[in-house]
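Reviewing the structure listed below.
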Amino acid sequence: MRRCFFILFLFLSAASAVSFPAVLRAEPRGDIILDADKVIYDQFTGQAEAEGKSRLQQDNIRIFSHRMDYDTVGQFATATSLPGETVTLLYGNNRFTGKTLEYDLQAMEGVLTDATGDLPAGTQGGTVYIRGKNLDVVPLDSALEKKWIKKRHTRRVKDEEAQVAKWTDASMTTCPMPKAHYRLTTKRLVVVPGVRVIAKNPRVYIAEKFLFSYPFDYVIPLHGQKDYVLGIFVPSIVHDSDKGIGYALQGPYAWDTGEVNMAFRYWSDIDLEARAGLRQRFGSNFSVFANMDYSWEKLDEDDKGDAIGEKRHRPSWGFDFSHSGWSAKVQWSQRENLDLEKRDQVIDGVQQTQNYRNVLHREPEVTVSSPWFTLGGFKDFSWRVTGVWGEYETSRARRGEASSGSRSVWDLQAQYIVKTGDIRPFWRGQYRQFSYSGYDDPGGRMKDHQEISSMWLGFRTRFGVFDFASAWHTQSATGRSPLGWDRAGDSEVFYTELGLPVGKDLYLSALSTYNIKTHDVSEVVYRLILDHDCSRWELIFRDDHLARNDDWFSLRFMVKAFPETPLIFGDKKPTNPFPNQGEFRGRGPAGVPSRRPVMEDDWGDDGLTYKSDPTEVKETGETPVPAAAGDEEGEDSGDYGDILNP
């Protein structure tokens, strides 16, 4: 009996669609199909009643409920659910549920009450969970007419008949738990399926405690091609041994093809610091940027050992380009604050115990990098080359150093990294050749070249609940840089990292650096990680064991669905001698992975070859280390690379 009603309804609903040619679009839409355990159709009124596992479908729109009433004349459907059950609306890969649904198939508009939604986001299998009151669904052109969205928000929409959803009084998070570790609430939330979620002026809650109200739109990409998310202004407290305690506020203001990143910090010892960075994209591969940094620079120490310094404006600007894995960057900078890690090196026969500090002008610097190349028979082996040319000037020339000059650098990197198995070895090698010209040398004693050879050799494993890693690093330098700030020396260092869980969601690790030449531990870096299913907090403390006692704290917050855009509070980051070799899981199919943090892979980035800023989000033009075999490698999306407002 059910089958007969179903076939009859198919015929009648198709005839009904033909009798209304005014509603047909340029491309005819498919048949409307109603299926259920029981379907009753009144031919005189054109009303159909379905009950028990009811399903209404047209093209990529599907509605599931216990009961469905459908008017074949007006093409209007009403779906209701039983107590404890829901009505489900599916279109494409998007899924929304609620108590009742009224949907006009002719206008493609509907209202879902007490709506929830689960939307795929990011490239790591992340999901955005949305809860709210009424959900209105309309076609894309109607959303533009109603001014729910702007024309620029539709740039990635490929389906002209795509549906746009708008929530009222909505809550959003990437946490799947009933009590989210963080969430955003907003009076109005708009979803452009497969493209983005736009929350209007949301309120931010952490652990169900109200933190602050965000003054701009918060945007999450849904296109699954980038791991970027619009950051938010988040207050934090940081510490620096020279600046004291800092109270920070950081975040962006974004538009469709660019953004302005702003950061403000008030320090107990030096007062205010501020930073603003502008980036504007033109097309899919080219962008320009400009930064202004008003910051304090340490110049010396007084008799009591207290830092003496000054505040200056430090602008920089330039442009970058990327294509097929190749990248190029041209950058100018003025009064750039150099704070380069040179400890654990023997330079000019002297064991270094502190960082190199100076003020640098790049006039300009050009960097070109190749993609990572692999060898067919060695799946874990890869290599790349980077070329740098620039003109530089320092504000304080030291004895035996030139105040200005030009240089060219060739940088060859190669690596063999194993990411599977109980014991995962790795090897990394780097060779850099520096050539200098155009500098003053009255005494004729300065050299015009420098060569640096470096190697890392180590492994990572897991013993029960303990994560263990060890690495040996050696560096050899010949020649001598006349500029001083990029001068390198010989070193031989042994790294050891040990981590273990100290609670359900807490993880503690310690990374020690042992100088083989001096037989001393130069530093120990401690990490305390609060790791949830959807987010991670990392508190980092560097305990300096050298005479200068340069201790510091740093705080990070990361949404796991978008690991490429952590929020970082603190201008410093520790040395990372280990590559990212993945997580170790416990024994058995239900083994739980360790809580060890996944750190960014920036090996060889010591500030000598090219500029590095740990507080800036890495741009899409940079060439990351290639994924291991078995990892998914998406093709170039061809988008604008908008990291804050995709």
Side-chain angles (χ1 to χ4, degrees), residues 123-124 227 322-328 367-388 409-434 451-462 467-478 488 491-497 511 563-564 575-585 593-594 596-606 608-610 612 618-636:
T123 63
Q124 306 294 320
D227 278 339
S322 62
H323 181 70
S324 301
W326 291 84
S327 65
T367 304
V368 179
S369 294
S370 76
W372 282 93
F373 299 104
T374 58
L375 297 179
F378 300 92
K379 64 178 182 179
D380 297 319
F381 180 85
S382 58
W383 63 276
R384 77 169 179 182
V385 63
T386 299
V388 182
V409 185
W410 289 105
D411 179 8
L412 175 63
Q413 301 174 356
Q415 60 183 14
Y416 178 81
I417 301 176
V418 177
K419 296 188 176 184
T420 59
D422 294 332
I423 300 177
R424 302 176 185 179
F426 69 90
W427 169 86
R428 284 178 155 173
Q430 184 177 25
Y431 172 76
R432 285 169 286 179
Q433 184 181 75
F434 298 74
E451 296 181 16
I452 307 174
S453 300
S454 305
M455 185 183 70
W456 292 257
L457 179 64
F459 71 95
R460 180 173 293 281
T461 187
R462 190 180 187 187
D467 291 308
F468 179 80
S470 181
W472 171 59
H473 169 61
T474 180
Q475 175 175 290
S476 175
T478 60
S491 68
E492 190 173 8
V493 181
F494 191 77
Y495 297 98
T496 303
E497 184 184 46
L511 170 64
E564 295 300 320
T575 301
N576 177 27
F578 305 109
N580 180 14
Q581 295 180 280
E583 294 278 13
F584 285 89
R585 302 186 66 89
S594 71
R596 177 184 176 272
V598 178
M599 296 178 287
E600 65 275 8
D601 202 355
D602 57 356
W603 73 284
D605 183 4
D606 57 5
L608 301 184
T609 307
Y610 52 90
S612 173
K618 292 187 180 298
E619 287 298 319
T620 57
E622 295 192 6
T623 51
V625 176
D631 294 346
E632 294 184 0
E633 287 190 83
E635 296 181 356
D636 187 5

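If you read the sequence from its start, that first residue is 1, and numbering goes on from there. Keep in mind it's a predicted model, so treat the numbers as computed, not measured.
The minimum heavy-atom distance linking Ala488 with Ala477 is given by the pair O-CB, 3.7 Å. For the residue pair Ser324 and Pro371, the shortest heavy atom distance occurs at O-CG, 3.7 Å.
Judged purely by atom type and a 3.5 angstrom limit, Ser369 has no side-chain atom pairing as donor or acceptor with the backbone of Thr386. A donor-acceptor pair is defined here as one N or O able to donate and one able to accept, closer than 3.5 Å; such a pair exists between the side chain of Gln581 and the backbone of Val418.
Here the OG1 atom belonging to Thr474 is positioned 6.5 Å from the CE atom belonging to Met455, to the nearest 0.5 angstrom. With values rounded to the nearest 0.5 angstrom, Ser370 atom OG is found 7.0 Å from Arg384 atom CZ. The CG atom of Leu511 sits 8.0 Å away from the OG1 atom of Thr496 when rounded to the nearest 0.5 Å. Distance OG/Ser453 to CD/Gln433: 10.0 Å, rounded to 0.5 Å. Going from atom CD of Gln415 over to atom CD of Gln413 covers 8.0 Å, rounded to the nearest 0.5 Å.
Two residues are said to be in side-chain contact when any heavy atoms from C-beta on lie closer than 4.5 Å; Glu497 and Arg460 meet this criterion. Contact check for Ile452 versus Tyr431: no side-chain heavy atoms found under the 4.5 Å cut-off. Residues Phe426 and Asp380 have side chains not in contact (no heavy-atom distance under 4.5 Å, counting atoms from C-beta outward). For the pair Arg428 and Pro579, the minimum side-chain heavy-atom distance is below 4.5 Å. Here the side chains of Phe468 and Phe459 are in contact, with some heavy-atom distance below 4.5 Å. Contact of the Tyr495 side chain with the Ser470 side chain is not registered, since no non-hydrogen atoms from C-beta on lie closer than 4.5 Å.
Thr367 is linked by a side-chain hydrogen bond (donor to acceptor under 3.5 Å, both in side chains) to nothing, counting only residues two or more places apart in sequence or in another chain. Trp456 pairs by the ring-ring contact (aromatic ring centres under 6.0 Å, His included) definition with His473, Trp603, not counting sequence neighbours. Partners of Trp383 by ring-ring contact (aromatic ring centres under 6.0 Å, His included), not counting sequence neighbours, listed by chain and number: Phe373.
Under the 3.5 Å distance criterion, with hydrogens and angles disregarded, a donor-acceptor pair is assigned to the side chains of Thr609 and Arg432.
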- request: Show the numbers, then the answer: is there a side chain to side chain contact (heavy atoms under 4.5 Å, CB included) between Thr374 and Lys379?
  value: CA-CA 7 Å; Thr374 58; Lys379 64 178 182 179; over 6 Å; no
- request: Determine, step by step, whether Phe578 and Asn576 satisfy the side chain to side chain contact (heavy atoms under 4.5 Å, CB included) criterion, reporting the C-alpha distance in whole Å, the side-chain angles of both residues, the deciding distance to 0.1 Å, and the verdict.
  value: CA-CA 6 Å; Phe578 305 109; Asn576 177 27; 4.2 Å; yes
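Evaluated for a side chain to side chain contact (heavy atoms under 4.5 Å, CB included) with Val388, the options Val409, Asp411, Leu608 yield exactly one hit, Val409.
In this pair, Phe381 and Trp427 present their aromatic rings parallel. The plane angle is below 30°, not in the 30 to 60° band.
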